[in-house]
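The analysis underlying the following values was restricted to heavy atoms, covering all of them including side chains, and did not include hydrogens, waters or symmetry mates.
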There are 4 protein chains.
Amino acid sequence: MKAKKKPITSETKSPSKPPRAGRPRSAESHDAILAAALKLLHERGYRSVTIEGIASEAAVGKQTIYRWWRSKAEVILEAFARYTAGRIAVPDSGNLQTDLQVFLTQAFDGLTQESGEVVRGLMSEALIDPDFAEAMRDIFIASRRSALRDILFKGIQRGELASDVDIELIIDLIYGPMWYRLLNKHAPLNPRFAKQISEMIASKLTRSD
Amino acid sequence: MKAKKKPITSETKSPSKPPRAGRPRSAESHDAILAAALKLLHERGYRSVTIEGIASEAAVGKQTIYRWWRSKAEVILEAFARYTAGRIAVPDSGNLQTDLQVFLTQAFDGLTQESGEVVRGLMSEALIDPDFAEAMRDIFIASRRSALRDILFKGIQRGELASDVDIELIIDLIYGPMWYRLLNKHAPLNPRFAKQISEMIASKLTRSD
Amino acid sequence: MKAKKKPITSETKSPSKPPRAGRPRSAESHDAILAAALKLLHERGYRSVTIEGIASEAAVGKQTIYRWWRSKAEVILEAFARYTAGRIAVPDSGNLQTDLQVFLTQAFDGLTQESGEVVRGLMSEALIDPDFAEAMRDIFIASRRSALRDILFKGIQRGELASDVDIELIIDLIYGPMWYRLLNKHAPLNPRFAKQISEMIASKLTRSD
Amino acid sequence: MKAKKKPITSETKSPSKPPRAGRPRSAESHDAILAAALKLLHERGYRSVTIEGIASEAAVGKQTIYRWWRSKAEVILEAFARYTAGRIAVPDSGNLQTDLQVFLTQAFDGLTQESGEVVRGLMSEALIDPDFAEAMRDIFIASRRSALRDILFKGIQRGELASDVDIELIIDLIYGPMWYRLLNKHAPLNPRFAKQISEMIASKLTRSD
DNA sequence: GACTAACCGAGACGGTACGTCCCGTCTTAAG
DNA sequence: CTTAAGACGGGACGTACCGTCTCGGTTAGTC
């Protein structure tokens with residue numbers, strides 16, 4: 001765990017530890033900050049969002065932001081995570097290739113347009129700031145890998161995949177191409193690509209069945 | 001090509017155009033700038049490099065930098081490209097999987113330690129600045145895709161691959177996982193990974209041989 | 001007097017009014033605040049003392065300070081007044097010039113080193129804040145003028161001074177040069193200067209004796 | 001002299017030393033800053049003037065102010081010095097007491113209302129910041145002492161004063177009361193006070209003539 | 001050989017945002 | 001009802017760099 005460091009996301013102290021004294025954290029400010037971050041993100045794009053802009057938009061002191069987050073990237077990460085919460089649906093069609101294709105198509109949809117730009121902005125930060133990269137992994141990457149892991153695990157239970165397959169490797173092979181296109185924009189993240197990846201993975205791993 | 005825009009890398013006027021009058025570009029300054037950029041890059045990391053820092057380190061006016069490059073990212077890109085020039089060797093063992101494995105192992109080697117950090121820094125900029133992203137694709141990405149394309153093309157010539165295989169897709173499936181691990185650092189870019197990717201690609205595409 | 005405004009110095013509610021219910025004022029906190037103020041004053045100088053610093057040093061809530069004083073200057077004024085309480089001795093040698101000289105020499109002594117710096121800090125605040133200036137006059141200036149007034153009055157009683165002399169003017173003529181040197185530091189507040197002022201005043205006003 | 005320190009007032013390098021390289025200082029900005037400082041000083045008072053306010057009013061970057069002055073006080077000092085330049089007229093009536101009275105009356109006039117507030121603000125800063133105090137002495141105090149010195153010197157030449165009189169002491173005895181009333185505001189700086197001081201000084205020093 | 005044009009270093013310029021400090025107010029739980 | 005604690009909105013600080021500009025001073029061609 002992280003121990004003494006500032007928590008990645010702004011949680012008002014763990015509920016078990018009583019905060020003891022002092023004015024408690026303002027939920028209104030917290031929400032206003034995240035809402036302002038999201039608004040500016042859509043209006044101006046990741047690069048043009050600033051801490052000062054968020055503070056001003058949220059009618060909040062800058063210090064209140066710095067008290068709970070370490071950088072603009074972390075504010076935006078939390079805002080974006082809240083915004084996309086619950087959007088990761090795990091399909092269950094009974095067939096691995098179909099599950100993958102549906103899942104990836106849906107994932108690609110979530111990376112088009114503005115959302116894609118936001119994710120690119122967040123990753124830009126993560127590439128440069130190790131602390132934030134950790135936050136990004138914990139909050140953003142992990143949940144998406146977990147969803148994919150579920151799909152693959154169901155494939156194993158169904159017998160479509162060998163039980164000794166290296167799931168983490170498969171996940172890298174699937175998400176890798178997605179990120180590669182998201183980063184480089186040399187080709188689109190369209191349903192066709194989702195199908196190609198799914199077909200590749202499923203046919204390779206299940207051919208001997 | 002880019003038409004009227006400033007060239008991506010700093011080329012002293014196209015040789016065909018008459019050089020006109022005036023003092024010619026100083027090669028010393030050019031070299032000093034790239035050397036300073038590289039030095040600061042290794043000393044302080046991508047994020048902490050600034051145009052002012054480079055100018056100061058190179059004992060050069062800021063304007064001299066702005067005259068030939070559009071951003072710090074482009075200076076660094078050129079410096080790094082020069083630094084890594086000629087490092088892309090295309091193996092030719094007569095076997096696709098072996099070629100891939102050798103090539104990837106060597107590519108991964110070039111992304112360890114500081115070089116990996118530099119590439120991460122460059123990609124961080126590319127994610128946020130479309131102009132730079134284009135430069136990055138042209139200079140960095142394209143040459144690496146091209147090398148992989150050669151390898152795959154030789155596979156086709158040898159009959160290991162079907163002639164109608166989608167080469168660009170295959171390249172995405174190979175480079176994707178590499179970038180994904182480079183970005184997220186959740187797992188190492190080691191020879192084992194090179195082997196796993198190579199095996200996956202080769203066995204899938206050549207199984208019917 | 002000040003009528004409805006918050007009292008200049010912190011008096012625990014007038015003793016005649018019934019104390020009402022609730023937790024009584026903490027004398028410990030009061031003392032701790034003044035002690036902390038004095039300590040920081042000597043350690044860091046007037047300008048660097050802050051309310052937050054005093055609160056922290058005294059292990060007291062900021063509100064507790066704001067409840068009893070209106071500004072940092074007033075806290076420091078009270079702390080300093082307490083610190084220098086009873087230091088104003090009125091000499092009585094039977095001779096005006098001697099009395100003046102003794103009194104001024106002693107006054108100058110009290111303005112050397114740190115105490116002088118503190119007085120300069122307090123005056124700095126008074127110059128800018130009218131409310132505090134009033135407090136300063138009431139607490140600091142008035143008592144010193146009063147002492148001088150006593151000395152001059154005794155001179156009149158002794159017949160050394162004419163009974164219609166403008167005492168307040170004389171006081172200005174005496175204290176003025178002292179403050180002038182304290183402010184500008186262009187020359188020292190030494191016994192020689194005390195003697196020169198005393199001689200000037202006494203000889204002018206008593207020459208026809 | 002001051003040697004390596006930043007000059008007290010913002011002089012574009014001594015005219016004899018050629019600045020050698022770089023864009024020269026902008027006279028427009030310099031003037032705009034001083035004009036803005038003066039304007040804000042009259043509109044809002046010393047305490048409410050801020051560096052940011054001056055920069056904004058002058059349409060100038062903050063750094064341009066910090067490049068040439070060390071504090072808000074120094075900007076205001078220069079603006080005020082320029083504003084009051086040439087206002088110190090040395091009377092020459094042929095009589096010491098008259099000269100003093102005229103001079104002081106005029107000096108008191110220059111310390112009424114806003115100007116008095118500005119001087120109080122400047123002195124407030126000088127009391128707390130030794131560097132600024134030096135600037136204040138050099139620019140403000142010195143010229144005024146010098147004028148008074150001229151008056152007294154003419155008195156010596158005329159034979160009204162003994163040639164061995166301690167001029168610096170007399171100056172302290174004259175300016176002291178003025179500052180004392182300016183600081184404490186316990187009595188007005190009116191013509192009557194000018195007359196009282198002049199009479200006191202002149203009669204004491206010239207009685208034996 | 002002077003003229004001219006583009007280069008060069010230096011560094012000041014207007015400007016944006018940073019992250020920090022401290023203000024004076026407020027909101028808790030504890031006493 | 002006071003207290004310690006500490007979060008809050010807010011204002012200004014002084015700094016770092018941005019990308020532009022304006023100097024004096026090269027350094028080539030072209031007249």
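Using a 4.0 Å cut-off, no side-chain N or O of A:S29 falls inside it from OP1 or OP2 of F:dA7. Taking only side-chain nitrogens and oxygens, D:W68 comes nearer than 4.0 Å to OP1 or OP2 of E:dC13. Within the structure, a side-chain polar atom (N or O) of A:R67 is placed less than 4.0 Å from OP1 or OP2 of F:dC8. In terms of phosphate contacts, C:T64 brings a side-chain nitrogen or oxygen within less than 4.0 Å of OP1 or OP2 of F:dA4. Of the side-chain N and O atoms in B:W69, none sit less than 4.0 angstrom from OP1 or OP2 of F:dG19.
Rounded to whole Å, atom P of F:dA4 lies 10 Å from atom CD of C:E28. Summarising the geometry, the separation between CD on C:E57 and P on F:dA5 is reported as 13 Å, rounded to the nearest angstrom. In this structure, NE2 of D:H30 is placed 13 Å from P of E:dG14, rounded to the nearest angstrom. Between the CD1 atom of B:I65 and the C1' atom of F:dC18 there is a distance of 13 Å, rounded to whole Å. Atom-to-atom, OH of A:Y66 to C1' of F:dG9 comes out at 16 Å; the value is rounded to the nearest Å. We find that CZ of D:R70 is positioned 13 Å from P of F:dT15, with the value rounded to whole Å.
Within residues 122-129 of chain A, no residue is approached by DNA chain E to less than 4.0 Å at the level of any non-hydrogen atom. Taken residue by residue, residues 40-51 of chain B places heavy atoms nearer than 4.0 Å to DNA chain F at B:T50, B:I51.
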Between side-chain atoms of residues 47-56 of chain B and protein atoms elsewhere (two or more places apart, or another chain), which donor-acceptor pairs fall under 3.5 Å?
unit_1 : atom_1 : unit_2 : atom_2 : d
B:R47  : NH1    : A:E125 : OE2    : 3.2
B:R47  : NH2    : A:E125 : OE1    : 3.4
B:R47  : NH2    : A:E125 : OE2    : 2.9
B:T50  : OG1    : B:G53  : N      : 2.8
B:E52  : OE2    : B:K62  : NZ     : 2.8

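Among residues two or more places apart in sequence or in another chain, the salt bridge (Lys or Arg N to Asp or Glu O under 4.0 Å) test is passed with D:E43 by D:K39. Among residues two or more places apart in sequence or in another chain, the side-chain hydrogen bond (donor to acceptor under 3.5 Å, both in side chains) test is passed with D:S29 by D:S26. Listed by chain and number, the residues in a side-chain contact (heavy atoms from CB on, under 4.5 Å) with A:A79 are A:L34, A:A37, A:L38 (sequence neighbours excluded). By the side-chain hydrogen bond (donor to acceptor under 3.5 Å, both in side chains) test, A:E114 is found to be paired with A:H42, residues two or more places apart in sequence or in another chain being considered. Take A:R82 and apply the salt bridge (Lys or Arg N to Asp or Glu O under 4.0 Å) test, not counting sequence neighbours, and it matches A:D31.
To the nearest 0.5 angstrom, C:W68 atom CH2 is 14.0 Å from C:E74 atom CD. To the nearest 0.5 Å, the span separating CE on A:M123 from CG on A:L77 amounts to 10.5 Å. From A:E78, atom CD reaches atom CD1 of A:I33 across 9.5 Å, with rounding to the nearest 0.5 Å. Rounding to the nearest 0.5 Å places OH of C:Y46 at 13.0 Å from CG of C:L40.
Judged by distance alone, with hydrogens and angles left aside, B:K62 brings a side-chain donor or acceptor within reach of the base of F:dG19, the pair sitting under 3.5 Å. Residue A:R23 places a side-chain atom within donor-acceptor reach of the base of E:dC26, judged by atom type and a 3.5 Å distance cut-off alone.
Where B:E52 and C:Q63 meet DNA chain F, the nucleotide closest to each residue was compared, and C:Q63 sits on the side nearer the 5' end. If D:K72 and A:A58 are placed on DNA chain F by their nearest nucleotide, the residue sitting closer to the 5' end is A:A58.
Looking at heavy-atom distances under 4.0 Å, D:A59 makes contact with sugar-phosphate atoms alone, never a base.
Picking from E:dG9, F:dT3, F:dA5 the nucleotide with the shortest atom distance to the side chain of D:A21 gives E:dG9. Relative to the side chain of A:S26, the nucleotides F:dC8, F:dG10, F:dA12 differ in distance, and F:dC8 lies closest.
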